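Since the model is a prediction, treat every value here as computed from it, not as a measurement. When reading the values below, keep in mind they use all heavy atoms of this one structure, side chains included, and skip hydrogens, waters and symmetry mates. Reminder, nothing fancy here: chain letters follow the sequence lines and each chain counts from 1.
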Amino acid sequence: MITSVKGMRDLLPPETRVWNRLEETTRAVFSLYGYDEIRTPVLEPTELFVRSVGEASDIVHKEMYSFTDRGGREVSLRPENTASVARAFVEHGMPQAGGVKKLYYVGPQYRYERPQKGRYREFRQIGAEVLGAADPATDAELLVMLFDLLGRLGFTGLSVSLNSVGSEESRPVYVEALREYLLAHEEKMGEDDRRRLRENPLRVLDTKDRSLAEVLAGAPRVLDHLDPASRTHHEELLALLDAERIPYLVEPRLVRGLDYYTRTVFEVTAEGLGAQNALLGGGRYDRLVSDLGGPRTPGIGFAIGEDRLVDVLPEGFRRAAIDGFSPVALVAIEPEDRAAALALAGELRRAGVAVDFDPAGKGPGAGLKAASSKGCRTAVLVGRRERESGVAVVKDLVERSQKEVPLADLPHVLKGETA
RNA sequence: GUGAGAGUAGCUCAGUCGGUAGAGCGCCGGAUUGUGGUUCCGGUGGUCGCGGGUUCGAUCCCCGUCUCUCACCCCA
């Protein structure tokens with residue numbers, strides 16, 4: 001048997017109904033905020049991610065699906081989507097067009113990691129990016145939109161962890177201060193944290209080693225090392241979030257994995273996701289566009305782990321999505337009734353009624369059984385007697401009741417427009 | 001890349017102290033020749049993940065490998 005590739009999975013019905021409704025809701029909300037969709041290729045020049053995500057990052061040096069194509073180009077499956085959006089932004093001259101560009105995307109991403117709960121080699125992200133706006137009000141509105149979406153999906157009680165990592169000038173100063181502090185406590189660290197200390201001291205702040213709690217509590221804080229402009233940005237953002245009643249928690253030890261973040265960084269975690277509890281993450285990236293060869297353009301965005309989101313989606317939203325698919329089952333009693341049933345199916349569909357007709361059905365028994373096991377609520381039966389009197393039997397599969405309905409009235413009755 | 005656990009029927013699992021396997025659910029048929037969720041009866045069901053080794057004999061023991069699950073790393 002041929003199976004799917006490790007870490008990649010099939011999404012099957014009825015689960016796909018949940019994904020579809022989730023994406024429909026997302027598009028609707030993003031549109032309300034003036035965001036337009038962008039679709040970028042799954043395959044990009046490897047160089048794009050080396051320059052944006054960072055050569056030293058784990059994502060680039062051990063998690064990319066990279067290969068040389070037949071034309072000798074070094075290409076990679078995208079491990080995230082922000083870099084592609086920034087690339088497209090520059091490539092299509094959007095900076096020269098001026099103004100603010102608000103874009104969203106929905107699509108698969110690829111990282112060659114060991115799969116575990118909430119982590120797959122092919123996973124989907126829903127993201128939004130604002131390019132060309134540096135004001136904290138932009139950060140605030142992005143988060144307002146995010147919580148609007150989460151609220152419409154039925155989430156309650158989520159809050160965003162928020163921090164600022166400063167500007168590209170102040171950040172290295174802080175990192176140096178942190179490094180010096182941590183070096184003094186290196187003997188208390190495990191192997192992993194010592195490695196982090198050498199490669200990226202910020203990551204030590206993320207450690208799961210509880211014995212370092214005391215050390216970290218005494219560590220210098222990014223927020224105390226912000227340059228004045230970043231400090232103002234951060235404070236203004238908090239004030240705007242207060243005004244908009246966005247539930248946030250300033251988390252001084254929050255650092256994000258991607259190198260390109262500046263100033264605002266944030267993430268939302270959720271219960272029930274196992275060790276991979278980050279539901280979404282994002283931040284400001286004021287130097288990404290210029291790093292990719294474009295003019296200096298501020299940007300901010302977030303990416304939601306769609307697979308994880310589906311995992312913890314509130315039951316009410318799930319139910320509505322699954323129950324929302326319920327075509328009328330059309331059952332032909334005898335083989336001679338199939339032609340009439342097929343014609344009726346056509347009429348009903350033209351009238352906007354979703355009809356599931358199984359032409360190979362073996363009579364009413366099997367037909368009704370299949371219909372109820374599929375979750376259909378209504379069945380329409382057509383047999384010789386009905387054909388002769390110009391009616392159809394409409395059966396409520398839940399109530400187990402049925403009535404004869406003249407064919408002409410069928411569309412109205414089935415659409416609930418009973419009169 | 002590291003560690004632990006698991007792979008037996010379509011699904012969820014049991015089992016064989018080594019003698020080529022069972023249940024429940026599902027599916028098909030019948031009781032009910034044009035009416036489904038209950039009940040009863042009958043039937044369909046498996047290279048026991050794959051390869052090798054030990055053995056008279058392996059689904060069981062050993063080795064390897066693949067896949068899944070969880071954790072580390074990292075991140076959505």
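- A distance of about 39 Å separates the C1' atoms of B:C75 and B:A14, rounded to the whole Å.
- Taking the P atoms as reference points, B:U69 lies 23 Å from B:G64, given to the whole Å.
- B:C73 atom P lies 12 Å from atom CG of A:Asn277, rounded to whole Å.
- Pair assignment for B:A6 gives B:U67, based on Watson-Crick or G-U wobble hydrogen-bonding distances that are each under 3.5 Å.
- Both the sub-6.0 Å distance and the 45° axial angle are not jointly satisfied by A:Arg287 relative to the ring of A:Tyr260.
- Atom CG of A:Leu280 and atom P of B:A76 are 10 Å apart (whole Å).
- For the P atoms, the distance from B:G22 to B:U39 is 25 Å, rounded to whole Å.
- For the pair A:Gln116 CD and B:A4 C1', the computed distance is 13 Å after rounding to whole Å.
- The CG atom of A:Asp139 sits 4.0 Å away from atom CZ of A:Arg284, with the distance rounded to the nearest 0.5 Å.
- Between A:Leu22 atom CG and B:A76 atom C1' the separation is 13 Å, expressed in whole Å.
- Close placement of the A:Tyr104 and A:Phe30 rings is indicated, their centers lying within 6.0 Å of each other.
- Here the separation of B:C13 from B:U8, taken at their P atoms, is 9 Å to the nearest Å.
- The side chain of A:Ile333 lies closest to B:G34 when the candidates are B:G34, B:G36, B:C74.
- Within a 6.0 Å radius of CZ in A:Arg221, no more than 12 heavy atoms belonging to other residues, nucleotides or ligands are found.
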